[in-house]
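Naming convention: chains lettered A, B, ... in sequence-line order (proteins, then strands); numbering from 1 in each chain.
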Number of protein chains: 2
Amino acid sequence: MKTGAKVGISERKAREREERGRRIVVAARTIAERDGWASVTIRRLADEIEYSQPVLYSHFQNRDEIVGAVALEGFGELAVILRAAIRPSSTPGEAVESVATAYLDFAFARPAMYEAMFILPTGLRFARSDTPPQLRAGFGAMATVIAPFAQDVDTATETFWAALHGLAELERHGRIRPAFRSHRITLIMQMVSGQLQR
Amino acid sequence: MKTGAKVGISERKAREREERGRRIVVAARTIAERDGWASVTIRRLADEIEYSQPVLYSHFQNRDEIVGAVALEGFGELAVILRAAIRPSSTPGEAVESVATAYLDFAFARPAMYEAMFILPTGLRFARSDTPPQLRAGFGAMATVIAPFAQDVDTATETFWAALHGLAELERHGRIRPAFRSHRITLIMQMVSGQLQR
DNA sequence: CATATATTCTAGCATTGCTAGTTTGTCAAT
DNA sequence: ATTGACAAACTAGCAATGCTAGAATATATG
């Protein structure tokens with residue numbers, strides 16, 4: 001009984017600890033989306049979870065890892081969104097356009113999240129054996145809609161992804177005209193589907 | 001004579017002042033390319049030009065403006081490189097490929113410069129009446145090679161540029177396979193030239 | 001020479017990420 | 001119950017950053 005109780009207690013503690021870790025990530029995300037990543041400081045996070053600063057370092061090695069945890073969430077959500085964008089009834093071409101639009105909608109609707117995923121240092125490791133599934137899922141969704149048009153699916157998906165990422169970034173920084181977003185998506189779509197542009 | 005001498009002196013001072021401003025930008029660029037932008041601190045720049053820190057703020061409003069000055073140089077150099085990539089004897093398709101390759105070569109050969117131009121906050125203003133010519137020139141070079149293939153040249157150039165930027169960024173962050181760079185360029189080229197991909 | 005005006009510097013503020021060292025709490029063995 | 005060992009959390013502080021107020025110094029003007 002004694003040892004049984006002990007195990008229960010340590011399990012509860014582990015649960016509480018994990019819950020606290022979650023609250024850190026949630027707080028980081030909330031502050032970032034409201035006030036930008038510059039406002040996500042260790043002190044402010046510590047305030048938010050009502051613990052002292054060093055506690056954060058028992059959950060994450062450094063600030064970048066916290067950003068990384070938020071980014072990981074983002075990759076998971078992006079994958080869900082991209083998969084949902086593929087309607088079973090749609091033609092292959094429509095599927096590509098739908099995924100492209102969903103991708104850009106995500107980037108513009110959650111700029112802070114997109115920043116964490118693609119701009120800020122996070123320590124996330126891609127294309128490795130220990131790469132978490134969230135990081136592969138989004139790519140997989142894109143590959144699904146690209147596959148019907150490509151010989152080398154991986155390379156074509158990489159290129160498609162790069163085009164979307166570039167569109168998102170250049171527009172986010174005000175270097176291309178927002179009003180022509182849908183026109184650019186059309187060009188991307190035509191690129192993938194291999195149709196003549198003129 | 002007096003007033004004449006005065007003017008000469010103030011001109012010399014203006015020259016020296018401008019020269020000092022140049023040295024700040026050169027130092028910023030040098031340090032950034034060697035040790036990364038995080039090492040470009042006001043204190044270190046002040047050391048480098050052998051003046052105290054506040055002097056820097058008589059040349060630039062803040063650190064971001066210094067990054068912006070380096071970025072502006074970068075845009076000028078990129079424009080030169082892209083224009084040089086267009087060989088008069090090349091076919092329209094070859095010109096596109098050549099510009100794409102030159103663009104990516106630039107991005108990978110000068111990552112710190114590319115970062116200043118596209119990632120870091122710089123306060124540079126695009127697509128405005130007071131936008132400096134360097135910022136337009138690179139776009140112009142791309143538009144030149146895209147024009148033969150596009151109806152709406154501006155939109156097509158924006159899309160082309162975005163694709164290149166995305167390729168540069170994703171590869172720089174290790175999210176796509178470096179070994180397949182030339183394959184991806186081929187896909188981009190085919191996109192522009194409107195040829196079938198299969 | 002005296003005075004006004006630029007120029008430049010010293011010194012310091014507030015904020016940041018991160019950590020060493022101490023205090024506080026927990027729990028088993030006596 | 002008391003003690004001692006261990007874990008958890010906190011206080012306090014370091015070093016570095018961007019930036020600035022106010023003093024000091026050089027320069028030009030009457």
Checklist line | Whole-Å distance separating the NE2 atom of A:H59 from the P atom of C:dT19 | finding: 16 Å
Next item on the list: Determine whether any donor atom in the side chain of A:Q53 lies under 3.5 Å from an acceptor atom in the base of C:dC18, or the reverse, and answer yes or no.
Entry: yes
Notebook entry, point to check: Closest nucleotide of DNA chain C for B:Y51 versus for A:P54: which of these residues is on the 5' side?
Noted result: B:Y51
Note to self: Expressed as a whole number of angstroms, how long is the span from B:Y57:OH to D:dT17:C1'?
What the structure shows: 9 Å
Checklist line | Main-chain N/O of A:R184 paired with B:T155 side-chain donor or acceptor, under 3.5 Å | finding: no
Checklist line | Helix axis bend for the helix from C:dC1-D:dG30 to C:dT30-D:dA1 - C1'-based end axes, five pairs, 10° rounding | finding: 30°
Item checked: d(CZ, A:R63; P, C:dC18) in whole Å -> 8 Å
Notebook entry, point to check: Heavy atoms under 4.0 Å, any strand shown: does A:R17 hit a base, just sugar-phosphate, or nothing?
Noted result: nothing
Item checked: B:R43 side chain, from C-beta outward: closest of C:dC9, D:dC10, D:dG18 -> D:dG18
Notebook entry, point to check: Using a cut-off of 4.0 Å on non-hydrogen atoms, how would the nucleic acid contact of B:R44 be classed: base, sugar-phosphate, or nothing?
Noted result: nothing
Check: Salt bridge or not for A:E18 and A:R15, using N-O below 4.0 Å?
Finding: no
Margin query: Please report the distance, rounded to the nearest Å, between CD1 in B:I42 and P in D:dT20.
Written below: 11 Å
Notebook entry, point to check: Using 30° and 60° as the class limits, which term best fits the ring planes of A:F75 and A:F126: parallel, tilted or perpendicular?
Noted result: perpendicular
Margin query: Does the plane of the ring in B:F118 sit parallel, tilted or perpendicular to the ring in B:W161? Use 30° and 60° as the thresholds.
Written below: perpendicular
Checklist line | Under 3.5 Å donor-acceptor, B:S98 side chain and B:E94 backbone | finding: no
Checklist line | Touch class at under 4.0 angstrom, heavy-atom based, for B:T41 against every strand present | finding: sugar-phosphate
